2 protein chains.
Amino acid sequence: MKTMTTKKKQVSARPAVAPVGRKERRNAVSKKPAAPQTQRGNQTRDRLKEAAVRVLERIGYRAMRLSDIAAEAGVNVSLLYHYFSGKADLTHEILSELLESWRIQDAGGGPSSGDAFESILRANKVMVTAYSRTPGLMRCLLHFDEEEAEFSELYRRVSADWSIRIAKDIARRCPGVSLGDEQRLMIAYALGGMVDNFLFELYVDRNPNLVKVFSAPDDVAHFLAILWYRTVYLTNPPAEHLRGYEGFASLRLGEVPAA
Amino acid sequence: MKTMTTKKKQVSARPAVAPVGRKERRNAVSKKPAAPQTQRGNQTRDRLKEAAVRVLERIGYRAMRLSDIAAEAGVNVSLLYHYFSGKADLTHEILSELLESWRIQDAGGGPSSGDAFESILRANKVMVTAYSRTPGLMRCLLHFDEEEAEFSELYRRVSADWSIRIAKDIARRCPGVSLGDEQRLMIAYALGGMVDNFLFELYVDRNPNLVKVFSAPDDVAHFLAILWYRTVYLTNPPAEHLRGYEGFASLRLGEVPAA
DNA sequence: ATACAACTTGAATTTAAATTCAATCATGGT
DNA sequence: ACCATGATTGAATTTAAATTCAAGTTGTAT
């Protein structure tokens with residue numbers, strides 16, 4: 001209504017170019033906006049988040065521009081700053097919630113129903129689903145710490161929780177062994193990493209050598225569970241779990257039974 | 001001497017900001033400069049490359065500015081364009097040569113001297129050395145495909161070569177088994193990934209849980225070799241290789257010997 | 001109705017750092 | 001000595017895209 005002062009111009013706006021998070025914390029960016037006060041506000045905020053998820057999945061963090069998100073959500077770019085303090089803030093929220101969703105899903109799966117193999121298989125399937133359904137987001141998870149150094153800690157914390165749970169599971173199932181807690185944890189880290197790495201190469205990098213072998217997600221989960229089982233328990237899983245992988249049964253050191 | 005025309009200004013210079021390698025190949029950048037013609041030229045080019053290696057190791061690709069490289073090398077920024085077509089070109093050359101150096105080192109290690117365990121251990125040590133000595137570069141290797149999509153293919157090719165060699169090694173040592181080539185290759189990928197991932201978490205992320213356990217590089221190589229050996233050969237490595245990890249000997253499925 | 005707050009927009013503003021350019025310097029061959 | 005060619009420099013130029021601003025819109029409680 002009332003025409004206020006015309007545009008000022010000496011106000012110092014903030015940086016523009018992606019401020020390579022280097023030594024000095026150059027990009028303080030405006031403070032985090034308060035939560036929406038109205039239903040419409042909440043809807044819009046969610047719409048922006050969902051749009052960003054789709055864009056992240058499609059082209060990744062680096063290539064994603066605020067205008068991409070805005071277009072996808074059907075709103076004006078500057079509206080984004082009403083709900084988030086910037087691109088990194090928005091992405092951080094999305095990826096954090098992704099990590100958090102696993103923790104919940106993971107804990108919800110029942111402490112340890114079924115035999116050891118099924119326990120491993122179940123854990124693997126959670127990861128396989130994530131990688132096969134949203135490879136783009138998984139890629140972001142890996143790359144986002146280039147933008148926000150603190151993020152890798154969050155990632156690590158989740159990963160650690162997961163490994164620790166697995167380690168405890170191993171302990172429960174092998175009560176008699178003399179292996180220390182520490183070594184058990186290392187094994188969990190190593191095997192958890194094996195799964196992560198394999199799925200990344202299969203679903204994110206789409207390594208043709210792997211793609212041509214594994215068409216069904218369940219196959220991968222199964223394959224990795226067998227390897228895992230062999231490493232920990234030093235024997236093949238019960239025959240009923242070997243369906244399709246009977247070949248493994250004979251993979252052991254040639255004819256060196258003596259000793 | 002002669003003052004030529006004053007600076008023109010209508011010449012269209014190239015983009016400035018990191019051109020998020022998106023859809024249109026916006027950043028064609030000037031053509032690749034010819035090789036240096038003189039000894040001094042070669043020295044300078046090498047100096048720039050070595051400087052860039054140090055900066056990459058220290059702060060990573062994203063945060064590295066051309067001025068950082070120039071300062072480290074003690075030359076003017078614009079000189080960089082005499083020898084490289086830009087930041088990405090320079091980095092690409094560095095990382096490619098790093099990958100290539102492994103291939104050579106790897107092939108040079110003799111086809112397969114020693115027993116199976118030593119063969120695995122030797123392969124692991126190559127990786128441990130790389131990760132423990134230049135974690136920053138290893139990190140760049142992982143992140144650089146965000147800048148140059150084609151790079152991940154190069155990485156994959158090297159990784160595939162490595163896995164294939166391992167798979168063949170497994171085949172030679174287990175001639176009697178009925179496992180297909182394909183499955184053998186998958187195992188090599190999985191276990192290779194396990195090593196990569198573990199070393200990344202230990203040396204690059206410096207995950208405290210891992211750091212406090214492994215102080216000596218040889219320990220990690222040994223630990224991972226044992227896991228590997230167990231997975232493939234379904235037995236512990238010969239006792240002389242278990243030094244320090246005797247606990248593993250008893251890690252197997254409780255008391256289920258019957259069957 | 002009307003006012004007030006929250007929401008939304010269009011357009012202006014800003015900046016780091018990459019890239020280019022013309023000029024100067026160094027050097028080796030004649 | 002001189003000149004041609006490559007090496008080096010200093011300074012100017014250029015952007016994409018993030019961020020901000022102030023003004024318009026919408027909704028809702030009084």
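Convention: sequence-line order gives letters A, B, ...; per-chain numbering from 1. Note that the structure is predicted; figures quoted are calculated from it, not measured.
By the side-chain hydrogen bond (donor to acceptor under 3.5 Å, both in side chains) test, Thr38(A) is found to be paired with no residue, residues two or more places apart in sequence or in another chain being considered. Judged as a side-chain contact (heavy atoms from CB on, under 4.5 Å), and not counting sequence neighbours, the contacts of Gln43(B) are Gln39(B). When the side-chain hydrogen bond (donor to acceptor under 3.5 Å, both in side chains) test is applied to Glu57(A), no partner is found at least two apart in sequence or on another chain. In this structure, Tyr155(B) has no ring-ring contact (aromatic ring centres under 6.0 Å, His included) partners at least two apart in sequence or on a different chain. Listed by chain and residue number, His143(A) satisfy the ring-ring contact (aromatic ring centres under 6.0 Å, His included) test with His143(B) (two or more places apart in sequence, or in another chain).
For the pair Arg45(B) CZ and dG6(D) P, the computed distance is 16 Å after rounding to whole Å. In this structure, the CG atom of Leu66(A) is 6 Å from the C1' atom of dA18(D), given to the nearest Å. Residue Leu80(A) contributes atom CG, which lies 16 Å from atom P of dC21(D) at whole-angstrom precision.
Checked against dA17(D), dT9(D), dT19(D), the side chain of Val77(A) finds its nearest nucleotide in dT19(D). Among the nucleotides dC21(C), dA18(D), dA17(C), the one closest to the side chain of Ser78(B) is dC21(C).
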Give me the distances for all protein-to-nucleotides 3-7 of chain C N/O pairs that come in under 3.5 Å?
residue, atom, partner, partner atom, Å
dC7(C), OP1, Gln37(A), N, 3.1
dC7(C), OP1, Thr38(A), N, 3.3
dC7(C), O3', Arg40(A), NH1, 3.4

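Using a 4.0 Å cut-off between a side-chain N of Lys or Arg and a carboxylate O of Asp or Glu, Asp68(A) and Arg65(A) qualify as a salt bridge.
Of the side-chain N and O atoms in Asn76(B), one or more sit less than 4.0 angstrom from OP1 or OP2 of dG10(D). Contact annotation: Tyr81(A) side-chain N/O to dT19(D) OP1/OP2 distance is under 4.0 Å.
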